[in-house]
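Remarks on the structure that follows.
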Amino acid sequence: MPELPEVEVTCRNVARWTSARRVRELAVDDPAVLRSGDPTSVVGANVAPAYRRAKLCLIPLGTQVLVVHLRMTGKLVRAGPGRRAPRLRLTLDDGCVVVFEDVRRLGQAWLVLDAELPGFLATHAPGAEPWPVVRDGEWLRAALSGKRGPVKTALMDGRRISGVGNIGASEACWRAAVDPQRRVPDLSPPEWSRLMDGVRGWIGDTIAAEDGDEIVYLQHGGVNPFHVYGRAGAACPRCGAAIARLVQSGRATFHCAGCQA
DNA sequence: AATTATGTTGCTAT
DNA sequence: CATAGCAACATAAT
């Protein structure tokens, strides 16, 4: 279940495995996964370095781009023993096979013509990027202006900011020492600044912690690299109070009532 | 059996 | 018109 850091690591991996090669085959194993384009049209195409936009992984193939959204359980890995049934396989001319695995099959892929990419991204990745470009607290406040609800929920609005999901929103609030239930209109400039630093810190630290060929998600037994997410009952790393779990807009939030004001 | 899961979209109510 | 909350999507694990 990837957010911005996991997608960023995935894109770097795909770029390392595939760029400067040619496409031998794009095989569609699950017909429901590919939402647009003709997989036979990319055979022989030159592969340029994959990159991330919002939570999308974009892989340039000649004059088209293979866009992949991992959604909840998707991952892009190299073929090998013990792998689960793929939904999509990209085979390169050097024999490398990148597979799209996705247990819950909520993920999607599209083949998009270069000329249509801007329009596609405007629809599927409308929010502003919080990273790697350096943003400050005033930028974040402006990005979320008009919102009235809890700051944690606001941070997850992909039409305003890209890449911050349920984990990142909890982690950013904890790093900022801001209660996730606080309302957007009530936050002060120093709090906005700490929240923006919290978002950046969560992204940078999580990329560093999860760097590698395959990210093992928490549900599949992966190591938890987060401060509060998934740690209800544990001691807060900052003040020692017990981490609490609550539900906001139907999603789990983790926070420390001791030091998040 | 019921609950939970790191995402997005579309509907409805406000 | 914009925002907030919720169901739905599909599957597995506890």
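Values below: every heavy atom of this structure, side chains too, minus hydrogens, waters and symmetry copies. Quantities reported herein were computed from a predicted structural model and do not represent experimental measurements. So that the names make sense, note that chain A is the first sequence line, chain B the second, and so on, each numbered from 1.
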Next on the checklist: Closer than 4.0 angstrom, basic N to acidic O: yes or no for Asp213(A) and Arg16(A)?
Outcome noted: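 Yes, this pair counts.
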For [X], answer base if it contacts any base atom (sugar-phosphate contacts may also be present), sugar-phosphate if it contacts only those atoms, and nothing otherwise; contact means non-hydrogen atoms under 4.0 Å.
X         : value
Leu70(A)  : nothing
Gly107(A) : nothing
Arg105(A) : sugar-phosphate
Arg245(A) : sugar-phosphate

Grab the [atom1]-[atom2] distance between [X] and [N] for me, whole Å please.
X         : N      : atom1 : atom2 : answer
Gln108(A) : dT9(B) : CD    : P     : 8 Å
Leu246(A) : dG5(C) : CG    : P     : 13 Å
Arg53(A)  : dG7(B) : CZ    : P     : 17 Å

Next on the checklist: Holding to ring-ring contact (aromatic ring centres under 6.0 Å, His included), I want the full list of residues that pass it with Phe100(A), two or more places apart in sequence or in another chain.
Outcome noted: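 Scan of Phe100(A) (ring-ring contact (aromatic ring centres under 6.0 Å, His included), adjacent residues dropped) gives none.
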Item to check | Under the 3.5 Å Watson-Crick or G-U criterion, the dot-bracket string of DNA chain B, with | for inter-strand pairs | outcome: .||||.||||||||
Next on the checklist: With the threshold set at under 4.0 Å for non-hydrogen atoms, list the residues of residues 148-173 of chain A touching DNA chain C in residue-number order.
Outcome noted: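 The answer is Arg148(A), Gly149(A), Arg160(A).
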Checklist entry - Looking at dA5(B), does its base get a donor-acceptor pair with the side chain of Arg104(A) below 3.5 Å? => result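 When only heavy-atom distances are counted, Arg104(A) does reach the base of dA5(B) through a donor-acceptor pair under 3.5 Å.
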Item to check | P gap between dC6(C) and dT3(B), integer Å | outcome: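 After rounding to an integer number of Å, I get 16 Å for this pair.
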